[in-house]
Structure formats: structure tokens, C-alpha cells
Amino acid sequence: MMLNIKEAADQMTSMGIAASEQDILQWIEEGQLKAELNQRRYTSYKISIHDLAEFVVQKHTEVSADKIEQSKREIRQLNDQIQLLHTRLHIEQSKVRTLKKMLNAQIEAVGSNTSQYEELLGLNQKSNTQALKKEFKKLLKALHPDRGGDERLFKVFNDHYENLK
């Protein structure tokens with residue numbers, strides 16, 4: 001069965017490839033789509049349904065290959081972002097460990113004196129115990145694991161808060 005250019009364009013559109021009659025002519029002239037010149041009129045072409053089906057499969061394959069390449073690029077970008085996040089996580093974990101060591105060293109050096117807590121929380125030396133507890137609660141709230149804080153750091157500060165009570 002042979003199709004004219006208009007029928008071929010309609011068939012391609014029904015197969016999911018948006019194509020106008022001009023697109024069909026261009027593909028024929030570029031040699032991408034096989035067609036025979038009409039014997040009666042040398043201005044129109046006849047296209048075999050088989051050749052049209054092969055062309056449609058080829059176009060779908062090209063589109064699929066483009067989508068696969070796009071997906072691969074996106075996956076590479078996501079993997080790069082994951083690596084960056086892992087690096088940042090390790091840096092933050094290192095900061096937490098260092099902060100814990102510093103805090104424990106300071107506590108051991110000073111003891112459980114409340115003035116040391118006041119200094120650590122940035123309060124003046126004459127702050128009352130109520131203000132000190134309030135600042136500890138704010139800090140604990142910010143460090144709570146349910147709010148995205150570090151669980152180990154929360155436990156360290158919570159222990160110091162319990163000692164203050």
C-alpha cells in the first residue's frame with residue numbers, strides 16, 4: 001500500500017510524531033524517508049507504509065535515546081550533589097566532635113560551676129539560675145533531633161542541663 005504525503009503526515013501524527021506535509025517533504029529530500037516519485041505527476045511522492053513504519057520506529061528510537069541521555073545527565077548531577085552532601089555531613093560531624101571535646105575539656109577544667117555555663121551560653125556573670133535554665137532550654141530545643149539537630153550533641157548538653165537542675 002502506498003500513501004501520498006498528506007496521508008503519510010496524518011499517519012505519523014496518529015503514531016505520535018508531529019509532522020506536517022512540509023516536514024515529510026524535507027525528510028524525503030534529505031533521504032531520511034524513502035519515497036517514490038509519482039509516475040503521472042513528477043511533483044508528488046508515494047510512500048510505502050513499510051518505509052513509513054520504519055521511519056516512525058527510527059524517530060521513536062531517537063527520541064528515546066535522547067531521553068535516556070538526559071536521564072543519565074540528571075543522574076550524574078544528582079550523584080554529584082549526593083557526594084557534596086556527604087562531604088558536608090562529614091565536615092559537620094567533625095565540627096560536632098570537636099565541639100564536644102572542647103566542651104568536655106572546659107567542663108573538666110572548671111568543674112560543674114554555674115559561672116562556666118553562663119560564660120558558655122554568653123550570659124553575664126550575675127545571671128540568675130532561671131535565666132541560665134532558659135538559655136539551656138533554647139539551646140536544647142535547637143539541638144533536638146526531631147528538629148534536625150545532632151542527637152549526640154543534644155545528649156551532651158542535656159546532661160549538663162540535668163547537672164544544673
Side-chain angles (χ1 to χ4, degrees), residues 8-20 22-33 51-165:
D10 292 342
Q11 284 290 325
M12 290 188 73
T13 302
S14 71
M15 291 183 213
I17 298 177
S20 67
Q22 291 174 342
D23 293 331
I24 302 288
L25 277 173
Q26 181 181 353
W27 290 328
I28 291 171
E29 290 169 2
E30 291 174 354
Q32 294 181 24
L33 180 59
D51 292 337
L52 185 66
E54 284 180 7
F55 183 76
V56 168
V57 168
Q58 177 188 355
K59 283 295 181 187
H60 280 298
T61 303
E62 289 171 5
V63 168
S64 296
D66 289 344
K67 287 180 181 180
I68 289 171
E69 283 303 312
Q70 176 67 22
S71 295
K72 286 180 180 179
R73 282 191 297 274
E74 290 173 3
I75 288 170
R76 281 192 294 274
Q77 289 174 344
L78 289 173
N79 283 335
D80 290 345
Q81 290 175 354
I82 288 171
Q83 284 299 103
L84 180 63
L85 289 173
H86 279 300
T87 302
R88 288 181 180 169
L89 176 64
H90 288 297
I91 290 169
E92 291 302 317
Q93 287 173 339
S94 175
K95 286 179 184 178
V96 168
R97 284 190 299 272
T98 303
L99 183 59
K100 283 181 184 179
K101 288 177 185 176
M102 290 171 53
L103 182 62
N104 286 331
Q106 189 177 19
I107 289 170
E108 288 175 12
V110 177
S112 62
N113 190 344
T114 58
S115 65
Q116 173 258 341
Y117 293 131
E118 293 166 347
E119 182 182 327
L120 181 66
L121 294 173
L123 300 172
N124 64 30
Q125 293 291 330
K126 297 181 183 188
S127 297
N128 62 15
T129 308
Q130 207 59 5
L132 188 59
K133 286 181 181 179
K134 183 178 177 182
E135 288 301 313
F136 252 108
K137 284 183 182 180
K138 283 183 189 177
L139 181 62
L140 289 171
K141 190 175 183 182
L143 292 174
H144 198 279
D146 291 344
R147 294 179 175 249
D150 183 84
E151 184 176 350
R152 295 170 296 183
L153 193 56
F154 174 78
K155 286 179 181 179
V156 169
F157 279 97
N158 193 40
D159 289 342
H160 294 300
Y161 176 69
E162 293 299 324
N163 291 338
L164 182 64
K165 283 185 175 181

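One-based numbering along the sequence shown.
Looking at Q26 and Q22, their side chains never bring a donor and an acceptor atom within 3.5 Å of each other.
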(request) Determine, step by step, whether I75 and N79 satisfy the side-chain contact (heavy atoms from CB on, under 4.5 Å) criterion, reporting the C-alpha distance in whole Å, the side-chain angles of both residues, the deciding distance to 0.1 Å, and the verdict. (result) CA-CA 6 Å; I75 288 170; N79 283 335; 3.6 Å; yes

(request) Using the side-chain contact (heavy atoms from CB on, under 4.5 Å) rule, take Q93 and R152 through it: C-alpha gap first, then chi angles, then the decisive distance, then the call. (result) CA-CA 10 Å; Q93 287 173 339; R152 295 170 296 183; 4.1 Å; yes

(request) Let me see the working for R73 and R76 under side-chain contact (heavy atoms from CB on, under 4.5 Å), right down to the final yes or no. (result) CA-CA 5 Å; R73 282 191 297 274; R76 281 192 294 274; 3.3 Å; yes

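Taking CG of L25 as the start and CD of E30 as the end, the distance is 11.0 Å to the nearest 0.5 Å. The CG atom of L84 lies 11.5 Å from the CG atom of L89; values are rounded to the nearest 0.5 Å. If you take CD on Q11 and CG on L52, they are separated by 6.5 Å, rounding to the nearest 0.5 Å. Rounded to the nearest 0.5 angstrom, T61 OG1 and D66 CG are separated by 11.0 Å. Interatomic distance, K72 NZ to Q77 CD, rounded to the nearest 0.5 Å: 15.0 Å. Remark: E29 CD to I24 CD1 distance equals 12.0 Å, nearest 0.5 Å.
In terms of the side chain to side chain donor-acceptor pair (under 3.5 Å) criterion, residue partners of E54 (sequence neighbours excluded) are, by chain and number, H50.
Residue M15 comes nearest to H60 through the heavy atom pair O-NE2, 3.0 Å, listed as atom of the first residue, atom of the second, then distance. Across L140 and N158, no two heavy atoms sit closer than the pair CD2-N, 3.4 Å. Nearest heavy atom pair, residue F55 against residue Q32, reads CD1-O, 3.4 Å. A9 approaches A19 most closely through the heavy-atom pair CB-O, 3.7 Å. When every heavy atom of L153 is checked against every heavy atom of L143, the shortest pair comes out as CD2-CD2, 3.7 Å.
Between E92 and R88 there is no salt bridge, since no side-chain nitrogen of the basic residue lies less than 4.0 Å from a carboxylate oxygen of the acidic one.
At least one side-chain heavy atom of W27 sits less than 4.5 Å from a side-chain heavy atom of K59.
Although no hydrogens or angles enter the test, the distance criterion places a donor-acceptor pair under 3.5 Å between the side chain of D23 and the main chain of S20.
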